[in-house]
Amino acid sequence: MLDSLWNRRAVLVSGKGGVGKTTLSAAMAVAAARSGRPVLLAELSPDEGGPSTLAALVGAKEAGAKVVPVRPNLSFVRLAASEGHRQFLEETLPVKWLADAALRSRALRRFLEAGPALKEMGLLYQMLTLVRRAHPDGRPMYPLAVVDLPATGHALALATLPRSVLSLMPGGPIGRAVREGLDLLQDPTRTGVVLTSLPEPLPVSETLSMARELKDVGLPLSAVLLNRLPEDPFTPESRAALDRLLETHGPHRGQRALERLERAREARKRLAEDTSVPQWGLPELALTGMALVERLAELLLPTLEEAAHAGGREATP
C-alpha cells in the first residue's frame, strides 16, 4: 500500500527530456506547500551556473546553493557539488578556517571537480545536510524535499557512483556520510521516485526502462505520472457506437484525434501491466509557465490527498 508522498522526506522527480518533468516538479512542490506542509524544492542541475527554468516556474528570485523562501511553506535551492564539498569539510575539519583554506586551494578544487563520483558525493551531501536541518525543538525544517533530477542518463548516478567510493573508503567520515545518504535514498519510507512520461509509445518505453534501472540500484519507485493526457469525451458505449460508424463510413477528419486517444489508452495499459505503482494522469492544458504550474498544482493536490486514503488507487484529475 502506498503511503502519501507527503510522508516522505524526499521525492525525486525524474523523466526523459521533453515530458514536462521540471514543470511537474514545480507543480508537486506548490501543491504540497498549499496543503500546509513546509516544502523544499531542490534542483539538481548539471550546469550549476546557468539559468534555472525551475526557479522561474515558482518565482524564486535567486537560483543558487543557498535556500531562498519563495512563498508560504515553499523554499527553493539549487544543489551544487561545491556547496556539498564545503559543508562536508566544515563538518569534518576541526575548525572552519581550515575548510575555507582547503577550498581556496586550486589543486583541491580541480580534484573535487574532476571525478564524477566526487561531484555526486558533493550533491548527495548537500541534500543530506538540508534533510537533516531542524528547528531548535527538533522538528525538521524541511519535512518534504521535492528534487528535480536532470533529464539525462546521469540522474541515477546519485545512487550508483557513491558506491564506488564506499568500496574504497567503507569507513571514516566520507564512508559514513555516503552510507547515510544512500540509506536515505534507498529507504522507501523516506524517499520516493516519481517518473514522468507522455502518453506515447517511445516515452512510455523510456519510462519502463528507467523503472528497471531504479530497481537495479535500489531506488524506490512510488508513482508514474502521465502528462498531457488528451481529453477523452467518450463513454465505453459511445466509443463502441463511434467505432461501428467508422467501420461503415470510413475515416474522417477526427481520425487522428481518435488515434491519439487510443495511444494514450495503450500507454496507460502498458504502464499498469509493467509497474506495480499508482499511475496518475494530468490533462493537456493551454497554459505555460507559472500559470501552468499553478493549475497543475490545483489538480495534483486532491490526487495526492486521495492517495493518502486510497492506499495507491489510481487517480486521474
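Bear in mind the structure is a predicted one, so any value in this text is a computation, not a measurement.
- Rounded to the nearest 0.5 angstrom, K16 NZ and L195 CG are separated by 10.5 Å.
- Here the CG atom belonging to L149 is positioned 5.0 Å from the CG atom belonging to L12, to the nearest 0.5 angstrom.
- The CZ atom of R9 sits 11.0 Å away from atom CG of D187, with the distance rounded to the nearest 0.5 Å.
- Taken from CG in L292 to CG in L24, the straight-line distance is 8.0 Å, to the nearest 0.5 Å.
- No side-chain heavy atom of M127 sits less than 4.5 Å from a side-chain heavy atom of L44.
- Checking side-chain atoms of Q126 against main-chain N and O of S82 turns up no donor-acceptor pair under 3.5 Å.
- Taking CG of L229 as the start and CG of L282 as the end, the distance is 7.5 Å to the nearest 0.5 Å.
- There is a side-chain donor-acceptor pair under 3.5 Å between D148 and T22.
- With values rounded to the nearest 0.5 angstrom, L226 atom CG is found 5.0 Å from Q279 atom CD.
- Judged as a salt bridge (charged side-chain N to carboxylate O under 4.0 Å, His left out), the pairs with a partner in residues 65-74 (not counting sequence neighbours) are, in order, K66-E83, R71-E294.
- Put simply, the side chain of V67 does not reach to within 4.5 Å of the side chain of M141, judged on heavy atoms.
- One hydrophobic cluster, built from ILVMFWY side chains closer than 4.5 Å, cannot hold both V19 and V13; they sit in different ones.
- Of the possible polar contacts, one joining the T196 side chain to the S14 backbone as a donor-acceptor pair under 3.5 Å is found.
- Judged as a salt bridge (charged side-chain N to carboxylate O under 4.0 Å, His left out), not a single pair has a partner in residues 49-60 (not counting sequence neighbours).
- The backbone N or O of P203 sits less than 3.5 Å from a side-chain atom of T207, completing a donor-acceptor pair.
- Remark: side-chain polar atoms of E43 are not paired, donor with acceptor, to backbone N or O of A55 under 3.5 angstrom.
- With sequence neighbours excluded, no residue forms a ring pair (Phe, Tyr, Trp, His ring centres under 6.0 Å) with F76.
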Problem set entry | side-chain contact (heavy atoms from CB on, under 4.5 Å) between T23 and V293, worked out | CA-CA 6 Å; T23 298; V293 168; 4.0 Å; yes
